[in-house]
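Each remark here refers to the structure printed beneath this line.
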Amino acid sequence: MFSLNSVPKTTTCTHLSASPFLRLTLGRVRRMASEMESSLEASFTSSGAVSGASVFLPPARSRIFKIIVIGDSNVGKTCLTYRFCAGRFPDRTEATIGVDFRERAVEIDGERIKIQLWDTAGQERFRKSMVQHYYRNVHAVVFVYDMTNMASFHSLPSWIEECKQHLLASDIPRILVGNKCDLRSAIQVPTDLAQKFADTHSMPLFETSAKNPNDNDHVEAIFMTLAHKLKSHKPLMLSQPPDNGITLKPEPKPAMTCWC
Ligand SMILES: Nc1nc2c(ncn2[C@@H]2O[C@H](COP(=O)(O)OP(=O)(O)OP(=O)(O)O)[C@@H](O)[C@H]2O)c(=O)[nH]1
């Protein structure tokens, strides 16, 4: 069971969890992932991300951006998501089972947006039955490696391959994050090597530390940059027909999204 200092490795999403210190079975985690997906779809319905239909909208709800965080076990996915959503480094973590959800509401250009981070399990045995939930309705992907662990860097192609297999659209924003840059004397992955890899895969590279917020790229800045990019995609726009219904029209998509 969790001590009060440990990170709840099960959901931290307030509207789904009765107790943040609840230990969940994989089955329950799967059910919750489905609920999260439904709530995501509902949110986008009310905020405009549905094409074609003419609907009456409930009171305005925030747009939600679903961002999945993937990479080997122990690279610091939980700590990075916790740093962004809770504003601090967790005192203790445990291996993620299935997926954890963390959410933070931010305001960008006057619009309230919920950034929903899906902290996925790095260990194969804790993720295989959940994978399809991770990738459903995803808006952005964060690949994480541990700068002090070359093996975690070498695993990146297989994480990228997994994304491809789940048919993520090629214009879905992806970023590469090297974590634990505070451990200077233990760094194994040189920046130029990581940058080459990032360039090859057309992703921006950030080197950071979930532990020390003053090191290199700030975790806060990384996720906020991503949120700004997502917002600027403006996937759909609303127009108001005379009968007070709302017609949702897709906005023309740009031919390609540049993340460099
Ligand atoms: N020094 C340092 N340690 C970190 C940093 N981020 C995470 N850690 C440590 O790395 C270990 C693993 O962190 P987690 O966030 O649980 O890793 P994870 O990628 O979520 O692992 P799984 O849940 O198994 O996939 C923990 O002991 C953290 O305290 C960092 O920026 N600096």
Side-chain angles (χ1 to χ4, degrees), residues 1-13 20-26 28-30 32-33 67-104 116-131 133-135 141-156 158-160 162-163 174-189 191 194 205-223:
M1 264 305 169
F2 297 104
S3 78
L4 280 179
N5 282 334
S6 72
V7 177
K9 297 295 282 189
T10 51
T11 179
T12 48
C13 176
F21 302 108
L22 199 65
R23 184 41 120 182
L24 300 177
T25 62
L26 261 184
R28 175 141 167 73
V29 170
R30 262 198 300 274
M32 284 168 34
I67 300 174
I68 55 167
V69 183
I70 60 183
D72 276 7
S73 181
N74 232 36
V75 296
K77 299 179 296 295
T78 297
C79 293
L80 286 166
T81 56
Y82 197 82
R83 161 69 68 192
F84 181 71
C85 293
R88 66 179 183 87
F89 189 71
D91 300 322
R92 214 187 103 209
T93 62
E94 294 172 11
T96 303
I97 295 173
V99 67
D100 288 338
F101 311 104
R102 301 199 169 84
E103 202 172 77
R104 178 171 153 193
Q116 190 180 85
L117 300 180
W118 286 49
D119 168 21
T120 66
Q123 287 187 48
E124 177 61 20
R125 65 191 169 125
F126 290 148
R127 60 182 282 117
K128 55 184 169 207
S129 57
M130 289 290 300
V131 170
H133 293 290
Y134 299 166
Y135 289 100
V141 183
V142 177
F143 295 100
V144 185
Y145 66 94
D146 175 349
M147 292 174 70
T148 69
N149 179 347
M150 186 55 97
S152 72
F153 180 73
H154 284 146
S155 295
L156 288 170
S158 61
W159 293 113
I160 292 172
E162 185 185 273
C163 272
R174 297 161 162 85
I175 64 169
L176 180 60
V177 173
N179 188 35
K180 307 194 188 180
C181 72
D182 56 292
L183 300 173
R184 287 185 216 299
S185 58
I187 302 280
Q188 290 183 3
V189 185
T191 302
L205 168 71
F206 299 92
E207 293 184 329
T208 193
S209 163
K211 188 168 193 174
N212 186 346
N214 297 319
D215 264 322
N216 287 30
D217 298 315
H218 292 205
V219 174
E220 171 84 12
I222 294 171
F223 286 110

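Both counts, for ligands and for their atoms, begin at 1 and track the order of listing.
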Establish, for the pair R104 and F84, whether the NZ or CZ atom is under 6.0 angstrom from the six-membered ring centre and no further than 45 degrees off its axis.
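Judged by the rule, R104 and F84 form a cation-pi pair.
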
Of all the atoms in ligand 1, which lie at a distance below 4.0 Å from a heavy atom belonging to [X]?
X    : value
T96  : 22 (P), 23 (O), 24 (O)
D182 : 1 (N), 2 (C), 30 (C), 31 (O), 32 (N)
K77  : 15 (O), 17 (O), 18 (P), 19 (O), 20 (O), 21 (O), 22 (P), 25 (O)
C79  : 6 (N), 7 (C), 13 (O), 15 (O), 28 (C)
A95  : 23 (O), 24 (O)
D72  : 19 (O)
S209 : 31 (O)

Angle between ring planes, F101 versus W118, binned at 30° and 60°: parallel, tilted or perpendicular?
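Rings of F101 and W118: perpendicular, over 60°.
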
Mind checking whether [X] has an N or O less than 3.5 Å away from an N or O of ligand 1?
X    : result
T208 : no
D119 : no
L183 : no
G71  : no
F89  : no

Report the residues that fulfil side-chain contact (heavy atoms from CB on, under 4.5 Å) with Q188, sequence neighbours left out, ordered by chain and then residue number.
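Listed in chain order: M150.
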
Suppose we screen for side-chain contact (heavy atoms from CB on, under 4.5 Å). Which residues come up paired with N149, at least two apart in sequence or across chains?
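Expected list: D146, A151, S152.
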
Checking contacts here: is it the side chain or the backbone of V75 that comes within 4.0 Å of ligand 1, counting heavy atoms only? Could be both or neither.
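Contact part for V75 vs ligand 1: both backbone and side chain.
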
Have a look at ligand 1 and work out which part of T78, if any, has a heavy atom under 4.0 Å from it: side chain, backbone, both or neither.
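T78 to ligand 1: contacts from backbone and side chain alike.
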
Would you say the side chain of F89 lies within less than 4.5 Å of the side chain of N212, judging by non-hydrogen atoms?
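Side chain of N212 against side chain of F89, heavy atoms only: no contact under 4.5 Å found.
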
